[in-house]
Amino acid sequence: MGHFNGVRWTVLLCCVLALSTAAKPKKLLQSRTSVDFQPFQGPWNDDFDWTLIKEMLYKAPGNAVISPLSVKALLALLYEGSASTSLTERELLQALSGGNVQAVSKLQTDLLDYKRHHNNLLITDRVFHDESVAIVQKYHSIIDARYNATTQAINFQNTAAAAAEINEWIAQNTRGQIQGIVTPDALKDALMLLINTIYFKGSWAIPFPANATVERTFHTVATRSLAPTVPYMKQRERIFYHTHSDDLSAQFLRLPYDNSPLSMVVVLPDEHDTLAQLLARLTPQAVHQALADMTEEEVEIELPRFTITYSSSMRDCLQQLGIERIFTDQAELPLISRGRSTPLKVSTILQKSCILVDEQGTEASAATEGTLVFTILNQPIKFIADRPFLFLIFDEAKGNWLFAGKVEDPRL
């Protein structure tokens with residue numbers, strides 16, 4: 001770490017995110033037709049996303065959820081503060097866009113659109129800095145205009161009060177879902193804190209009937225011989241977009257959200273494959289192909305309810321992915337704050353996230369299960385998620401991966 005007037009000079013970055021998915025009450029019986037799906041036409045810019053997803057989820061013990069978009073939002077703020085043509089800038093540009101400046105512009109546009117036009121998706125960015133640190137005015141202007149991000153001076157010397165103030169801001173911007181991510185100890189050597197928060201609450205476009213939820217076994221990796229029972233949400237006699245990927249040996253199921261371009265994609269490994277094997281095989285191209293191959297099918301769904309709270313430092317992972325310079329004394333971030341006796345660098349990048357997936361709010365649709373009767377010509381495809389699986393929250397219009405996670409045990 002560098003020093004500023006005898007004080008260690010570091011930047012701590014935090015991504016905080018909360019996600020709640022619940023069904024919207026429906027007063028009218030629905031037909032069995034699916035919600036229309038148009039595969040994203042590209043160009044894709046998700047190589048970094050999938051490398052991050054694979055690395056983080058493979059190493060995470062048990063259940064986990066991360067936000068690739070949240071990490072990229074923080075890296076974008078650092079990119080704006082990096083020196084032109086420097087190694088720091090090149091590393092960040094490669095992660096954000098594969099070296100394509102136009103893709104960074106699209107990311108900026110997408111983030112601004114999320115912040116301005118999506119009532120059920122709240123994204124905020126703020127740079128907290130010590131009162132002794134002067135932020136370059138141009139940096140203020142850039143992050144305001146391009147990301148609708150703000151800055152706030154705070155007394156970092158009073159670590160307890162500073163942590164409480166920052167945590168209060170985080171809680172307000174995640175509807176109380178994320179609490180206590182910043183500790184006083186984390187601020188002892190820090191003079192700046194970059195924070196991105198993401199909060200999403202979506203209603204299922206096709207609700208799960210509440211009276212159809214049943215208890216059944218879930219075959220965790222650790223309890224194959226004595227599998228626990230958990231509540232499963234069920235869908236029957238409805239049409240969903242679905243495919244089986246032979247390349248990945250997995251089923252892909254799309255669960256759309258109501259009045260939104262977002263959907264949850266559940267990826268279920270074949271019965272004799274493990275989640276680790278699926279993660280090892282995943283490539284952006286294979287996922288893109290699976291999405292393009294989805295067709296309307298009658299699918300019988302059994303999906304466990306689950307809640308996940310997960311936190312992790314991403315420093316080691318990002319360094320392995322080629323983002324190294326920002327964590328060293330050679331970091332080139334002069335556009336954020338000038339006149340330092342030693343260069344500004346990043347201490348770590350933290351992310352804390354939570355997700356709740358259930359069938360709340362579906363009391364009006366409970367009659368659906370017993371009321372709608374159809375003539376079934378073929379046996380429905382069975383999507384029974386009774387073993388570890390992946391889930392993804394995807395923006396079908398913009399091609400952004402907002403969240404990615406895994407469920408290894410729905411009880412935890």
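None of the values given here were measured: they were computed from a predicted structure.
Between the Gln235 side chain and the Pro207 main chain, a donor and an acceptor come within less than 3.5 Å of each other. Counting only distance, with no hydrogens or angles, the side chain of Asn63 and the backbone of Pro410 share no donor-acceptor pair below 3.5 Å. In this structure, the side chain of Gln351 engages the main chain of Ser67 through a donor-acceptor pair within 3.5 Å. The main-chain N or O of Leu402 is never found under 3.5 Å from a side-chain atom of Asn400 such that the two would form a donor-acceptor pair. With hydrogens and angles ignored, the 3.5 Å screen pairs a side-chain donor or acceptor of Gln277 with a backbone N or O of Thr274. Here the side chain of Tyr58 pairs no donor or acceptor atom with the backbone of Ile53 at under 3.5 angstrom. For Lys115 (side chain) and Leu122 (main-chain N/O), no donor-acceptor pair under 3.5 Å exists by modelled atom type. In this structure, the side chain of Asp273 does not engage the main chain of Pro269 through any donor-acceptor pair within 3.5 Å. At distances below 3.5 Å, not a single donor-acceptor pair connects side-chain atoms of Lys234 with backbone N or O atoms of Glu302. In this structure, Arg281 contributes its side chain and Leu248 its backbone to a donor-acceptor pair below 3.5 Å.
One distance of note links CG of Leu107 with CD of Gln102; it measures 13.0 Å at 0.5 Å rounding. Considering CG of Asn158 and CG of Leu187, their distance stands at 10.0 Å, rounded to 0.5 Å. From Phe37, atom CZ reaches atom CZ of Phe240 across 14.0 Å, with rounding to the nearest 0.5 Å. A distance of 9.5 Å separates OG1 of Thr174 from NZ of Lys352, quoted to the nearest 0.5 Å. Taken to the nearest 0.5 Å, the CD atom of Glu297 stands 8.0 Å off from the OG1 atom of Thr243. Summarising the geometry, atom CG belonging to Leu77 is positioned 7.5 Å from atom CG belonging to Asn196; distances are rounded to the nearest 0.5 Å.
By the 4.5 Å heavy-atom criterion applied to side chains, His219 and Thr217 are counted as neighbours. With contacts defined as side-chain heavy-atom distances shorter than 4.5 Å, the pair Glu298/Arg238 does not qualify. Looking at heavy atoms from C-beta onward, Phe156 lies in side-chain contact with Leu193 at the 4.5 angstrom threshold. Using a 4.5 Å cut-off on side-chain heavy atoms (C-beta onward), Phe327 and Gln319 make contact. Put simply, the side chain of Met314 reaches to within 4.5 Å of the side chain of Ile66, judged on heavy atoms. Between Val230 and Arg216, the closest side-chain pair of non-hydrogen atoms is not below 4.5 Å. At least one side-chain heavy atom of Asp386 sits under 4.5 Å from a side-chain heavy atom of Tyr232. Between Phe218 and Pro388 there is a side-chain heavy-atom pair separated by less than 4.5 Å.
The only member of Asp125, Thr124, Asn173 that meets side chain to side chain donor-acceptor pair (under 3.5 Å) when paired with Thr197 is Thr124.
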*Might you work through the side chain to side chain contact (heavy atoms under 4.5 Å, CB included) test for Gln157 and Leu191, ending with a clear yes or no?*
CA-CA 9 Å; Gln157 308 313 306; Leu191 293 178; 3.9 Å; yes
*How far apart are the C-alpha atoms of Arg305 and Thr213, what are their side-chain angles, what is the distance that settles it, and do they pass the side chain to side chain contact (heavy atoms under 4.5 Å, CB included) test?*
CA-CA 9 Å; Arg305 295 196 306 236; Thr213 298; 3.8 Å; yes
*Step by step, work out the side chain to side chain donor-acceptor pair (under 3.5 Å) result for Ser313 and Thr348.*
CA-CA 7 Å; Ser313 169; Thr348 190; 2.9 Å; yes
*Ile355 and Phe403: side chain to side chain contact (heavy atoms under 4.5 Å, CB included), yes or no, with the steps?*
CA-CA 10 Å; Ile355 179 172; Phe403 299 91; 5.9 Å; no
*Stepwise, does the side chain to side chain contact (heavy atoms under 4.5 Å, CB included) test hold for Thr151 with Ile143?*
CA-CA 9 Å; Thr151 64; Ile143 66 173; 3.8 Å; yes
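Using a 3.5 Å distance cut-off with no hydrogens or angles, the side chains of His272 and Asp270 do not pair a donor with an acceptor. Side chains of Gln320 and Asp316: no donor on one and acceptor on the other come within 3.5 Å. Defined by atom type and a distance below 3.5 Å, a donor-acceptor pair is present between the side-chain atoms of Arg126 and Thr150. Under 3.5 Å, the side chains of His129 and Gln152 contain no donor-acceptor pair of N or O atoms. Between the side chains of His288 and Asp46, at least one donor N or O lies within less than 3.5 Å of an accepting N or O. Defined by atom type and a distance below 3.5 Å, a donor-acceptor pair is present between the side-chain atoms of Tyr147 and Gln108. A donor-acceptor contact closer than 3.5 angstrom links the side chains of Asp130 and Ser132.
Between Phe391 and Phe306, the ring planes lie tilted relative to each other; the angle falls in the 30° to 60° range. Ring pair Phe128/Trp169 is perpendicular by interplanar angle, where above 60° counts as perpendicular and below 30° as parallel. The aromatic rings of Trp204 and Tyr257 sit parallel, their planes meeting at an angle under 30°, below the 60° perpendicular limit. Classification of the Phe40-Phe394 ring pair by plane angle, with boundaries at 30° and 60°, yields perpendicular.
Sorted by first and then second residue, the salt bridge (charged side-chain N to carboxylate O under 4.0 Å, His left out) pairs with a member in residues 74-97 read Glu80-Arg146; sequence neighbours excluded.
Nearest heavy atoms, Ser353 versus Val65: OG-O, 2.6 Å. Of all heavy-atom pairs spanning Gly62 and Lys406, the tightest one is O-CE, 2.8 Å. Taking every heavy atom of both residues into account, Tyr139 and Leu335 meet most closely at CB-O, 3.2 Å. When every heavy atom of Ala162 is checked against every heavy atom of Asn155, the shortest pair comes out as CB-O, 3.6 Å. Between Ala385 and Leu268, the closest heavy-atom pair is CA-CD1, 4.0 Å. The minimum heavy-atom distance linking Ser312 with Met56 is given by the pair OG-CE, 3.5 Å.
Contacts of Ala83 classified as side chain to side chain contact (heavy atoms under 4.5 Å, CB included), with partners at least two apart in sequence or in another chain: Ser86, Glu332, Pro334. The side chain to side chain contact (heavy atoms under 4.5 Å, CB included) search around Asp247 returns Ser245, not counting sequence neighbours.
At a threshold of 4.0 Å, the pair Lys398-Asp113 counts as salt-bridged, since one of the basic side-chain nitrogens sits closer than that to a carboxylate oxygen.
Aromatic rings from Phe252 and Tyr241 are positioned such that their centres are separated by 6.0 Å or more.
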